[in-house]
Amino acid sequence: MAAEAPPPGLKARLRRAERARMLRALALVLPLALFLLLVFFAPIGDMLFRSVRDPELALTLPATASALREWDGIGAPPALVTAALVRELPQAFIDRRLAGAAQRLNHDISGFRSLILSTGRQLAAEPEDPAAGSVAGPTTAASRLAAMDDRWADPAYWAALRRASFSLTDFYLLSALDLRRDAADRITPVPPDEAIFVTILGRTLKIAAMVTLLCLALGYPLAYVIATAPAGTSNLLMILVLLPFWTSLLVRTSAWVVLLQNEGVINGLLLAAGLVDKPVQMIFNRFGVYVAMTHVLLPFMILPLYSVMRTINPATMRAAASLGAPPPTAFLRVYLPQSLPGIGAGGLLVFILAIGYYITPALVGGANDQMVSYFIAFYTTRTVNWGLAAALATLLLTATGVLYAVYVRIAGTAGVRLG
């Protein structure tokens with residue numbers, strides 16, 4: 001006998017009840033979603049967008065920027081471009097609107113800021129001439145500019161002006177990769193003495209990887225002891241692991257400055273014991289960075305390891321021993337594979353935190369130990385080059401995303417094999 005169909009009104013009531021349940025759930029989640037959007041995703045998105053945003057010249061010299069965009073960028077600029085520049089530049093100088101555009105052009109070619117400001121000053125000081133900014137006349141705009149400064153006869157400066165005329169640009173992203181566009185608009189490497197950012201990124205990844213390995217080497221046995229110790233001992237050790245979280249990062253880093261300096265506690269003990277004849281340089285170098293960062297990030301490795309090791313049944317090791325496996329073999333074949341999720345989670349957490357470190361390397365490292373975050377802060381606060389700072393942040397975020405994708409792929413493959 002066929003089942004009796006539900007009344008038509010029951011389906012409608014079920015749909016309304018389900019819709020009301022979803023709306024209540026959405027209302028509960030909506031405040032958190034708006035909070036994350038306004039204080040997290042929107043600022044990050046705005047910062048990253050600055051790596052391709054380039055409005056300064058178009059806002060300051062709109063007619064010149066429009067004429068430059070129509071030019072193919074090959075050879076000398078057409079008369080329309082030079083005439084537009086001569087017309088707009090003096091008024092922009094008088095209105096004090098040239099600073100942003102001059103700063104942007106100086107990022108492309110060193111000295112361009114002084115060139116465009118001095119040219120604007122000279123043009124503003126000259127008496128008005130109706131034919132001065134014309135395309136052709138007794139004195140063309142191009143010849144006037146060249147007479148003021150012979151750099152205006154160099155096509156490289158006009159090519160830089162053209163690159164800055166677009167509202168969107170790849171200038172900052174290319175600079176973050178030690179690349180640039182030449183006068184023919186080809187992407188070429190920067191001179192070797194100017195190529196620093198790829199080296200800095202490699203240094204950042206190297207320091208982060210070394211700190212991750214050090215944290216793993218120190219944290220794995222400690223997490224094992226905590227996970228296998230009796231409850232009282234385990235709780236005491238866990239409190240000691242969490243204790244650094246109650247101390248400011250700046251205080252912990254400053255403590256290492258006191259300990260590692262030439263007149264510090266460690267060098268004093270080494271000299272008193274006769275192990276060294278003179279103080280050992282342990283700070284303002286890579287060693288100090290490794291020590292301080294490992295100390296700060298070690299709890300972030302221990303906690304994921306501990307949470308995984310607590311779920312490993314100790315009977316598996318006893319079973320391996322009963323089958324004749326010596327302790328090293330039992331550990332490598334039985335215990336270590338079960339702890340791999342903790343190693344992966346702790347390693348990823350420590351690595352991601354390490355590549356964004358700024359305060360610790362700045363305080364205990366030398367000039368050759370600064371990481372990408374230091375230069376992001378430098379270009380943001382000192383040179384006010386937001387575009388390059390955003391490009392470096394984009395590069396760092398992209399590198400982190402790629403490494404995370406590799407980790408997920410490796411972790412997934414390892415999980416399938418273990419399964």
Side-chain angles (χ1 to χ4, degrees), residues 40-41 43-54 104 107-108 169-180 187 189-215 249-250 252-253 256 283-297 300-301 347-407:
F40 185 74
F41 292 107
I44 290 178
D46 178 70
M47 180 67 178
L48 297 181
F49 181 63
R50 290 175 183 267
S51 64
V52 295
R53 185 170 177 265
D54 194 16
R104 160 62 181 90
H107 296 328
D108 200 330
T169 181
D170 59 0
F171 170 74
Y172 297 114
L173 292 175
L174 291 176
S175 299
L177 295 170
D178 292 332
L179 300 172
R180 67 180 181 184
I187 298 177
V190 301
D193 58 337
E194 299 178 14
I196 60 171
F197 296 120
V198 173
T199 302
I200 293 169
L201 178 62
R203 179 197 305 161
T204 300
L205 297 178
K206 179 182 177 182
I207 291 176
M210 182 60 67
V211 170
T212 302
L213 292 176
L214 290 173
C215 287
L249 172 62
L250 184 60
R252 283 180 280 169
T253 304
W256 280 111
I283 198 171
F284 308 127
N285 54 19
R286 192 66 55 86
F287 176 81
V289 173
Y290 287 151
V291 170
M293 288 184 63
T294 300
H295 168 249
V296 172
L297 295 174
F300 295 98
M301 178 66 76
L348 183 66
L349 181 60
V350 170
F351 185 85
I352 290 178
L353 290 173
I355 61 176
Y357 254 49
Y358 166 61
I359 294 177
T360 302
L363 291 179
V364 301
N368 294 324
D369 305 309
Q370 302 308 314
M371 303 166 69
V372 171
S373 54
Y374 172 86
F375 291 90
I376 294 175
F378 173 82
Y379 286 111
T380 301
T381 59
R382 297 190 185 181
T383 64
V384 200
N385 189 349
W386 284 85
L388 187 52
L392 291 173
T394 303
L395 182 63
L396 190 60
L397 180 62
T398 303
T400 304
V402 170
L403 292 172
Y404 176 74
V406 171
Y407 162 76

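Starting from 1, each residue takes its place in the sequence as its number.
- In this structure, Asp178 contributes its side chain and Pro189 its backbone to no donor-acceptor pair below 3.5 Å.
- Within the structure, the salt bridge (Lys or Arg N to Asp or Glu O under 4.0 Å) test picks out no pair touching residues 391-404 (sequence neighbours left out).
- Residue Trp256 comes nearest to Ile283 through the heavy atom pair O-CD1, 4.2 Å, listed as atom of the first residue, atom of the second, then distance.
- Qualifying side chain to side chain contact (heavy atoms under 4.5 Å, CB included) partners for Leu395, counting only residues two or more places apart in sequence or in other chains: Ala176, Leu177, Leu201.
- One distance of note links CH2 of Trp386 with CD1 of Ile376; it measures 11.5 Å at 0.5 Å rounding.
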**Message:** Walk me through whether Val291 and Val364 qualify under side-chain contact (heavy atoms from CB on, under 4.5 Å).
**Reply:** CA-CA 9 Å; Val291 170; Val364 301; over 6 Å; no

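- Listed by chain and number, the residues in a ring pair (Phe, Tyr, Trp, His ring centres under 6.0 Å) with Phe284 amount to none (sequence neighbours excluded).
- A pairwise comparison of heavy atoms in Phe197 and Leu388 identifies CZ-CD2, 3.7 Å as the closest pair.
- Residue pairs meeting the salt bridge (Lys or Arg N to Asp or Glu O under 4.0 Å) criterion with at least one partner in residues 349-376, sequence neighbours excluded, are Arg286-Asp369.
- Here side-chain hydrogen bond (donor to acceptor under 3.5 Å, both in side chains) pairs that include residues 192-206, with residues two or more places apart or in two chains, number zero.
- Sequence neighbours left out, not one pair with a member in residues 380-390 passes salt bridge (Lys or Arg N to Asp or Glu O under 4.0 Å).
- Shown here are the side chain to side chain contact (heavy atoms under 4.5 Å, CB included) partners of Thr394, two or more places apart in sequence or in another chain: Leu48, Ser51, Leu173, Thr398.
- At least one side-chain heavy atom of Tyr290 sits under 4.5 Å from a side-chain heavy atom of Ile207.
- Checked against side chain to side chain contact (heavy atoms under 4.5 Å, CB included), Asp170 has the following partners two or more places apart in sequence or in another chain: Leu174, Arg181.
- In plain terms, the two heavy atoms of Met371 and Pro361 that are nearest each other are SD-CG, 3.6 Å.
- Between Phe375 and Phe378, the two ring planes are perpendicular [angle over 60°; tilted spans 30° to 60°].
- Distance CG/Leu363 to CZ/Arg252: 13.0 Å, rounded to 0.5 Å.
- Considering CG of Leu297 and OG1 of Thr212, their distance stands at 8.0 Å, rounded to 0.5 Å.
- Pairing each heavy atom of Tyr379 with each of Ala389, the nearest pair is CB-CB, 4.0 Å.
- The shortest non-hydrogen separation linking Met301 to Cys215 is CG-O, 3.6 Å.
- Between the CD1 atom in Ile200 and the OH atom in Tyr374 there is a gap of 10.0 Å [rounded to 0.5 Å].
- Within the structure, no pair that satisfies the salt bridge (Lys or Arg N to Asp or Glu O under 4.0 Å) test touches residues 347-361, not counting sequence neighbours.
- Asp54 places no side-chain N or O within donor-acceptor distance of the main-chain N or O of Thr169, the cut-off being under 3.5 Å.
- When every heavy atom of Leu396 is checked against every heavy atom of Ile355, the shortest pair comes out as CD2-O, 3.9 Å.
- Within the structure, the side-chain hydrogen bond (donor to acceptor under 3.5 Å, both in side chains) test picks out the following pairs touching residues 355-368 (sequence neighbours left out): Thr253-Thr360.
- A distance of 5.0 Å separates CG in Leu403 from CZ in Phe351, rounded to the nearest 0.5 Å.
- Residues forming a side chain to side chain contact (heavy atoms under 4.5 Å, CB included) with Arg53 (at least two apart in sequence, or on another chain): Phe49, Pro55.
- Judged as a ring pair (Phe, Tyr, Trp, His ring centres under 6.0 Å), and not counting sequence neighbours, His107 has no contacts.
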